[in-house]
Undergrad: 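What follows is a single structure, and I will ask about it in a moment.
Throughout, protein chains are lettered first and strands after them, A, B, ... in sequence-line order, and every chain is numbered starting at 1. The structure presented is a predicted model; accordingly, all values stated were derived computationally and were not measured.
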2 protein chains.
Amino acid sequence: MTAALTKAQDQFIAVWGQMAGAWGISRTMAEVHALLFIVGDPMCTDDVMERLQISRGNASMSLRALLDWGIIERSHKRGDRKEYFSAEQDVWSLFRAIVRERIAREVDPLLASLYEIRDMTPADRARRGEAAEDDRAKIEAHNKRIDEMVEFFRVLEKIGHRFVSPSGRGLQLAAMLLGRLPEGAGEAR
Amino acid sequence: MTAALTKAQDQFIAVWGQMAGAWGISRTMAEVHALLFIVGDPMCTDDVMERLQISRGNASMSLRALLDWGIIERSHKRGDRKEYFSAEQDVWSLFRAIVRERIAREVDPLLASLYEIRDMTPADRARRGEAAEDDRAKIEAHNKRIDEMVEFFRVLEKIGHRFVSPSGRGLQLAAMLLGRLPEGAGEAR
DNA sequence: CGGTCGTTTCAGAATACTCTGAAATCACCG
DNA sequence: CGGTGATTTCAGAGTATTCTGAAACGACCG
């Protein structure tokens, strides 16, 4: 392995690790993924530990979490009891998986909460009391804000689903958005 | 102010605060934004401090950060030396601002790093040595991975810019996505 | 079964991040 | 200018998150 390649890999791992914070996952988890992605070949726990200088426990937990996200997979070598892991190599598949998970983990629960919040201030209840003309207006304005927020996330969720669902769709979507993009860009794998 | 409204506001603030982690900002910053958004009216530092039970320093820093993100703005009341803050009320404008900032803070630097990494393993250098047929293949595979990643983020950046730029576009974009992929989708802009 | 190799778990240590509060700074007023 | 009140800053305290390492667990083998 050339020195330049190793350096480039390390650099990539570092850069990907930086992003972690902004994406809401731990640095190490991102680094483990970066490593598997950029190396390309399956690696076992010990390989990962050594290359990233992390503990066995940390490696195990990070790999497990990446499996839960569906962006790495297990494999085995004949006559070897160890488990090997490798990352999804297709960048669009990778991000489809990430979008799928983030919708499920963040957007859906958020929408559920927003619906509940909306139900806390029903418009008709506000109308009952006469004394509080002012309150009624406040509640209506509040409801409008919540409703618009709900609407936004519903649209976002739909876009997400469209991006995620039929494999290969992601690229078409992007191409569409960009107007005329060179068509051959990303045919089926 | 009705009790139900206050409770709903608090709930909204809590939910928005939860999201913070996943979005790479601090909980308090998200809560301050949620408060200003859901209340609608301008509030001064002391109002924020009292409602969220946070220190003056924390409130000041959070408000400053939100100003930097461009999602709240300063205002003043005649004959009052205090500064008041209010959140952008239009949900689509809000998210346009967020997308704009995240592109600038995350995607652009990432792309710059990826270009650098790509330049660390020029294909021609790999071709020089004869001894390492194997290394050459490795480097080419590596370069392909980096190139695909670059391409992905370039597309993402373009989509982002399209979403962000002309005001009002966001909604059209979304509507477009939700229609059944009409042909005229990406006409000139 | 007992042994061996590999994986998972988790309490406590290490680290990173956030918040506080008081002092410094700023801005306006008379 | 000096005074008043608002705002910013930042070192240290407080919290939350992540990591380690060793013990428990699991799985296969002879």
Undergrad: Round to a whole Å and report the spacing from CE of M49(B) to P of dG5(D).
TA: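 In whole Å, dG5(D) P lies 16 Å from M49(B) CE.
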Undergrad: In whole Å, I'd like the distance from the NZ atom of K77(A) to the P atom of dC5(C).
TA: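 One finds 19 Å between P of dC5(C) and NZ of K77(A), rounded.
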Undergrad: When you measure from the side chain of N58(B), which nucleotide among dC19(C), dT7(D), dT8(C) comes out closest?
TA: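 Taking heavy atoms from C-beta onward, the closest nucleotide is dC19(C).
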Undergrad: Students often mix this up, so state it plainly: with edges at 30° and 60°, are the rings of W92(B) and F163(B) parallel, tilted or perpendicular?
TA: tilted
Undergrad: Taking only side-chain N and O atoms of S55(A), does any of them lie within less than 4.0 angstrom of OP1 or OP2 on dG21(D)?
TA: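 Answer is no, no contact under 4.0 Å.
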Undergrad: Can you tell me the distance, in whole Å, between the CG atom of D47(B) and the P atom of dA6(D)?
TA: 12 Å
Undergrad: Could you state the atom-to-atom distance from CZ of R27(A) to P of dC19(D) in whole Å?
TA: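 It is 9 Å, rounded to the nearest whole Å.
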Undergrad: For D80(B) and dT4(D), give me the distance from atom CG to atom C1', rounded to whole Å.
TA: 14 Å
Undergrad: On DNA chain C, nearest-nucleotide positions of R81(A) versus R74(A): which is more 5'?
TA: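 It is R81(A) whose nearest nucleotide is closer to the 5' end.
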Undergrad: Is a side-chain N or O of D47(A) found less than 3.5 angstrom from the main chain of C44(A), in a donor-acceptor match?
TA: yes
Undergrad: With respect to the phosphate group of dC17(C), does any side-chain polar atom (N or O) of S26(B) fall under 4.0 Å of OP1 or OP2?
TA: no
Undergrad: Which of parallel (below 30°), tilted (30 to 60°) and perpendicular (above 60°) describes F95(B) and W23(B)?
TA: tilted
Undergrad: What's the closest nucleotide to the side chain of T28(A) if the choices are dT18(D), dT8(D), dT8(C)?
TA: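 Ranking dT18(D), dT8(D), dT8(C) by closest atom to the T28(A) side chain puts dT18(D) first.
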Undergrad: Can you measure K82(B) atom NZ to dT8(D) atom P for me and round it to whole angstrom units?
TA: 14 Å
Undergrad: Grab the CE-P distance between M61(B) and dT9(D) for me, whole Å please.
TA: 9 Å
Undergrad: Against F37(A), only a single residue in I13(A), V32(A), V91(A), I71(A) fulfils side-chain contact (heavy atoms from CB on, under 4.5 Å); can you say which?
TA: V91(A)
Undergrad: I54(B) side chain: which of dT20(C), dT7(D), dC19(D) is closest?
TA: dT20(C)
Undergrad: In whole Å, what is the span from the CG atom of L66(A) to the C1' atom of dT8(C)?
TA: 16 Å
Undergrad: Regarding R136(A) and E133(A), does a basic nitrogen lie under 4.0 Å from an acidic carboxylate oxygen?
TA: yes
Undergrad: Indicate, with a heavy-atom threshold strictly under 4.0 Å, whether R56(B) touches base, sugar-phosphate, or nothing.
TA: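 Base contact - R56(B) has a heavy atom under 4.0 Å of at least one base atom.
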